[in-house]
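Step one of this worksheet: look at the structure below.
When a ligand or atom number is given, it counts from 1 through the structure's own listing order. Since the model is a prediction, treat every value here as computed from it, not as a measurement.
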Amino acid sequence: MIKEEEYKKRRGALAKKLKKDSITVLFSAKSKQRSNDTEYPYRQNSNFYYMCGFKEDNAALVIVKKKKQTKTYLFVQKKDELLELWTGKRLGKKEAKEVFDVDTIFTTDTFEKKIVQWLKDKKYLYFDFSMQDERIDMLRKLSTHLSGHKNIAHKIGALRLYKSDGEIALIKKALSITKEAHHLAMKKAKSLSDECELQAEIEYVFKKRGAYSDAYTSIVACGNNANTLHYIKNDDKLQNNKLILIDAGCEYDYYASDITRSIPVSGKFIKAQKELYSMILSVEKEIISMVKPGLMRTALQSKSEELLCKGLVALGILNGDVKKLIKKKKHKKYYPHGIGHWMGIDVHDECPYKDKKANEIPLGEGMVMTIEPGIYIGENDMSVPKRFRGIGIRIEDDILVTKDGYENLSQGVFKEIKDIESL
Ligand code: GLY
Ligand code: MN
Ligand code: MN
């Protein structure tokens, strides 16, 4: 759990970056309707959560920065016995005061009145431009007299890029659960008949071990299904002698994990699978070993493209000179995605890849990114030797950039062929 003093420190760091005579408004997520009157489980907005750790609906965090003084306010929904009977306990103003170290707690019904008052003599309004709902419309309407609107998401994203020890501990906890789930999948695959059954086994471990949710919809893709990058239907049969690409990670107390393993249904890799898998695994390990402060993520990208292209030529999947093939982007057909992404509160953490001047941000201590090379060969790709057709493989780990290099946070999740086969 992240302590209140850390949230307070984050708010202090954000306030420093704000213009004087400004108001910053961050809203909680809105509950989302699934169909008719049923809703998806509520999940707090990540930027709002990062700044205060409050998990309830109908809330707002406001930072008012004047010339000489900054004040922070949290708006929480009112206690309401009847509504709480249906949707669960609310903290309410009185209890919120004991938890959140802000200047004043208000109830949400006073929000508009307060905002009008604060906006009167201000110049700038910050809010999250990616949010679009009637609350944002209201803010826009109330602030037409200001000098400008600014996107707060960029500034919070820049803070979220560097993880604290507390955040890293939560990611590690999420990964320890995800590891158990992947190992169970390795053990169970042979005895199950459907992708969704395997998905259920994985997600059972998430819930049993205290991860309320997955960090993203699990991908359990057998055989050629692995060549659909965002395959989430998971409604096909598990076929013997095929591989299953499992991209699944739990979210633990608002922190993600993101792991992909490619494992044989039968428990044993066949020769073509082994050849392709070993090539990708060696590339993955080499790219991970490059991670260190100062390096650019694009350097990892281009190295991964070069190594995978080389590997494809060695296996006879591509033919020709590696440099020329890369220049013509021939490898992109089989490796169409990036080498990895930031990870944290969101699986694709909303942090910048470039600075204000559009220069790439080099890797730095405390950043967490995935490394996930993959090769995908369609079952009807006649240009490839037959034995490789219909195979899709990705191997993904979560890497922390440390002072001198890196720490593979998902180190213990089996990926060597002999280890996977042993389960
Ligand atoms: N699980 C989503 C991704 O690997 O980016
Ligand atoms: Mn990923
Ligand atoms: Mn993934």
Side-chain angles (χ1 to χ4, degrees), residues 43 46 157 160-161 163 167 170-172 174-183 185-186 195-196 198-199 202-203 205-206 211 213-222 225-234 243-252 254-263 277 280-281 283-285 287-288 291 297-298 300-301 304-305 308 332 334-353 363 367-376 392-401 406-415 420:
R43 205 279 190 176
S46 296
R160 282 172 59 181
L161 194 46
K163 273 69 181 172
E167 292 182 285
L170 288 173
I171 293 171
K172 282 186 175 171
L175 278 166
S176 73
I177 297 170
T178 293
K179 171 176 127 181
E180 194 176 316
H182 276 270
H183 286 179
M186 290 171 194
E195 291 167 345
C196 66
L198 194 52
Q199 177 183 6
I202 289 164
E203 292 171 10
V205 176
F206 293 174
S213 175
D214 39 49
Y216 51 93
T217 305
S218 308
I219 295 170
V220 181
C222 185
N225 295 336
N227 294 316
T228 301
L229 294 177
H230 287 169
Y231 179 84
I232 52 173
K233 285 204 315 213
N234 305 341
L243 294 180
I244 322 163
L245 184 153
I246 302 174
D247 185 349
C250 73
E251 177 180 287
Y252 185 84
Y254 277 83
Y255 281 81
S257 54
D258 184 9
I259 296 294
T260 307
R261 290 294 182 262
S262 302
I263 64 169
Y277 185 93
I280 298 166
L281 181 60
V283 172
E284 200 235 12
K285 289 189 206 164
I287 299 297
I288 290 174
V291 172
R297 190 173 140 274
T298 46
L300 298 174
Q301 180 68 38
S304 71
E305 292 185 22
L308 286 172
K332 286 278 185 194
Y334 303 110
Y335 173 41
H337 57 69
I339 186 62
H341 50 82
W342 308 135
M343 191 193 81
I345 291 183
D346 284 297
V347 63
H348 297 163
D349 224 19
E350 206 189 334
C351 306
Y353 289 96
L363 299 183
M367 293 181 183
V368 174
M369 72 177 298
T370 66
I371 297 290
E372 50 181 305
I375 293 290
Y376 312 89
I393 295 173
R394 176 165 67 254
I395 307 169
E396 174 174 32
D397 282 294
D398 302 338
I399 311 298
L400 168 69
V401 184
Y406 70 92
E407 180 184 349
N408 183 348
L409 300 175
S410 44
Q411 179 65 38
V413 188
F414 282 1
K415 61 183 175 183
I420 294 172

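Looking at every heavy atom in both residues, S410 comes nearest to D397 through OG-OD1, 2.8 Å. Smallest separation of non-hydrogen atoms from I371 and E284: O-OE2, 3.6 Å. Closest approach of S262 to L245, counting heavy atoms only: OG-CG, 4.1 Å.
Residues S46 and D346 bring a donor and an acceptor atom of their side chains to less than 3.5 Å of each other.
For K179, the NZ atom sits in a loose shell: 12 or fewer heavy atoms of surrounding residues, nucleotides or ligands are nearer than 6.0 Å. Shown here is K233, whose NZ atom has no more than 12 heavy atoms of other residues, nucleotides or ligands within 6.0 Å.
For ligand 1, the atoms closer than 4.0 angstrom to any heavy atom of H341 are 3 (C), 4 (O), 5 (O). The contact set between ligand 1 and E396, taken as ligand atoms under 4.0 Å from a residue heavy atom, comprises 4 (O). Those atoms of ligand 1 that come under 4.0 Å of a heavy atom in Y216, given as number and element, are 1 (N). Which parts of ligand 1 touch D247 is read off a 4.0 Å heavy-atom cut-off, strictly below it: atoms 1 (N), 2 (C), 3 (C), 4 (O).
The nearest heavy-atom contact from the protein to atom 5 (O) of ligand 1 is H348 NE2, 2.7 Å. For atom 3 (C) of ligand 1, the closest non-hydrogen atom on the protein side is D258 OD2, 3.3 Å.
Around the Mn ion (ligand 3), the protein atoms of type N, O or S that sit closer than 2.8 Å are D247 OD1, D247 OD2, D258 OD1, E396 OE1.
Between H230 and Y216, the gap from one ring centroid to the other reaches at least 6.0 Å.
Residue contacts with ligand 1: R394 is placed with no nitrogen or oxygen under 3.5 Å of a nitrogen or oxygen of the ligand (distance criterion only). The shortest N or O to N or O distance between T260 and ligand 1 is not below 3.5 Å.
H341 lies close to the Mn ion (ligand 2), since one of its N, O or S atoms is found at a distance under 2.8 Å.
Not one N or O on the side chain of R394 forms a donor-acceptor pair closer than 3.5 Å with the backbone of Y376.
The one candidate from L400, I288, V401 that meets the side chain to side chain contact (heavy atoms under 4.5 Å, CB included) condition with Y406 is I288.
Between H348 and H341, the two ring planes are perpendicular [angle over 60°; tilted spans 30° to 60°].
Not a single heavy atom of H337 sits closer than 4.0 Å to an atom of ligand 1.
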Step by step, would you call H182 with F414 a side chain to side chain contact (heavy atoms under 4.5 Å, CB included)?
-> CA-CA 8 Å; H182 276 270; F414 282 1; over 6 Å; no
